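See structure below.
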Amino acid sequence: MSTIDFRSDTVTRPSSGMRQAMADAPVGDDVYGDDPTVNQLEAKAADLLGHESGLFVTSGTQGNLLAILTHCQRGEEYIAGAKAHAYLEEGGGGAVLASVQPQPVENQADGTLDLDSVRAAIKPDDFHLAITRLFCLENTFFGTPLPMQYLADARNLATEHQLQFHLDGARVFNAAVRCGITPSAIGGMFDSVSACLSKGLGAPIGSVLTGSSDFIKRARRWRKMLGGGTRQVGILAAAGLYALEHNIERLSEDHENALLLADGLLEVEELDVQENVDRTNMVFVSMSESKLQGLAEFMGGRGILITADENPVRLVTHLDIDRAGIQTTVDAFKEYFRKAA
Ligand SMILES: *Cc1c(COP(=O)(O)O)cnc(C)c1O
């Protein structure tokens, strides 16, 4: 039985076209700068995101950590959302490995950080205090693109206070496609972007970090120190390159499927479906604790994989889920909620 896996967009498997591109990739030793496929991927990613240079990294976590290591010195700090991946879900790497203190600021419902609160969090020049160096945003945030006007205002704040400005753009291509703009319109506002190739874009591994040539040169040194300098890695970069060439525009299908799923689930009275006019590829639903209990198991029996430990339940669409899979899932939810509680 083929499964319909809503747990994350990281679960996608490389398509046959992608596997072929990997098999055919010309390679060399990337630590020598000799891998043509890596070089092509890095140039393509930089171009797409409005920057001079790119760096192929193992994961989004490594991309964000490299950004902190490269932008900041020991004893400085970075501002990030209290719910941001780069603050909450990366093992405290900024603090542990970079000796850079995180300064969390509450996320608002739309994922933005109130700019007055950010301003208030920037430390004055006082030797009791860490030096605020970096301001990080995340886009999309829980499946919602940040408003472009907000990004422009945040950019101005960063410039005004001489902060470096980093985007955790794990799903920046979802944001761009949803907003109908080029990725560079978003990326170009930031000093650096970390973008995942292994989520909705469908590559089996990897992220790209982009920024100025000088920034990437310094990040490359940190990547080597972290053990991230790898050799004939064009085999993997080929998957990322294929993803950038074939799988960006089609993200709109995932967004349509998420909308279809949300609309279908709205018909289930006992489900509270989070409304989102800017939805990309995520649907969040809540239900009674008693219904939550048996949901994942019931769905699993129908080949539908979800994580339902707590409310809200996150359902993520991606290139391995088609329209028929959405319909199957909506039907399964309806069946589950028709059963006696
Ligand atoms: C997945 C994700 C990351 C990290 O990516 P990994 O490749 O899993 O390390 C960073 N930020 C956000 C918002 C993510 O969703």
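Atoms within each ligand, like the ligands themselves, are counted from 1 in listed order. Residue numbers count from 1 along this sequence. Since the model is a prediction, treat every value here as computed from it, not as a measurement. For the numbers below, each heavy atom of this structure counts, side chains included, while hydrogens, waters and symmetry mates do not.
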Inset, instruction - State whether a side-chain donor-acceptor pair under 3.5 Å links Glu138 with His85. - result: no

Inset, instruction - Check whether Leu259 and Phe6 end up in the same hydrophobic cluster, where Ile, Leu, Val, Met, Phe, Trp and Tyr are linked by side-chain heavy atoms less than 4.5 Å apart. - result: no

Legend entry - Nearest protein heavy atom with distance in Å, relative to atom 10 (C) of ligand 1: His85 ND1, 3.2 Å

Inset, instruction - Provide, to 0.1 Å, the distance between atom 6 (P) of ligand 1 and the closest protein heavy atom, together with that atom's residue and name. - result: Gly60 N, 3.4 Å

Legend entry - Under-4.0 Å heavy-atom contact with ligand 1, by part of Ser59 that carries it: both

Legend entry - Side-chain ion pair, Asp191 and Arg155, N-O less than 4.0 Å: yes

Inset, instruction - List every atom of ligand 1 that sits less than 4.0 Å from any heavy atom of Thr61, numbering the atoms from 1 in the order shown and giving each element. - result: 4 (C), 5 (O), 6 (P), 9 (O)

Inset, instruction - Please report which non-hydrogen protein atom sits nearest to atom 11 (N) of ligand 1, along with the residue it belongs to and the distance in Å to one decimal place. - result: Asp168 OD2, 2.6 Å

Legend entry - Arg302/Glu335 ion pair, N-O < 4.0 Å: yes

Table please: side-chain donor-acceptor pairs of residues 226-246 below 3.5 Å, with sequence neighbours left out.
from   : atom 1 : to     : atom 2 : distance (Å)
Arg231 : NH1    : Asp29  : OD1    : 3.2
Arg231 : NH1    : Asp29  : OD2    : 3.2
His246 : ND1    : Tyr242 : O      : 3.1

Inset, instruction - Out of Glu90, Gln62, Lys199, indicate the one that has the non-hydrogen atom closest to atom 2 (C) of ligand 1. - result: Lys199

Legend entry - Close-contact set for ligand 1 against Glu138 heavy atoms, below 4.0 Å: 13 (C)

Legend entry - Atom indices of ligand 1, in the order listed, that fall short of 4.0 Å to a heavy atom of Ala170: 2 (C), 11 (N), 12 (C), 13 (C), 14 (C), 15 (O)

Legend entry - Salt-bridge contact Glu42-Arg220 (side-chain N to carboxylate O under 4.0 Å): yes

Inset, instruction - Would you confirm whether Asp320, through its side chain, and Arg13, through its main-chain N or O, come within 3.5 Å as a donor-acceptor pair? - result: yes

Inset, instruction - Could you say whether the N/O atoms of Ser198 and ligand 1 ever approach to under 3.5 Å? - result: no

Inset, instruction - Please could you name the atoms of ligand 1 that Cys196 approaches to less than 4.0 Å, counting only its heavy atoms? - result: 5 (O)

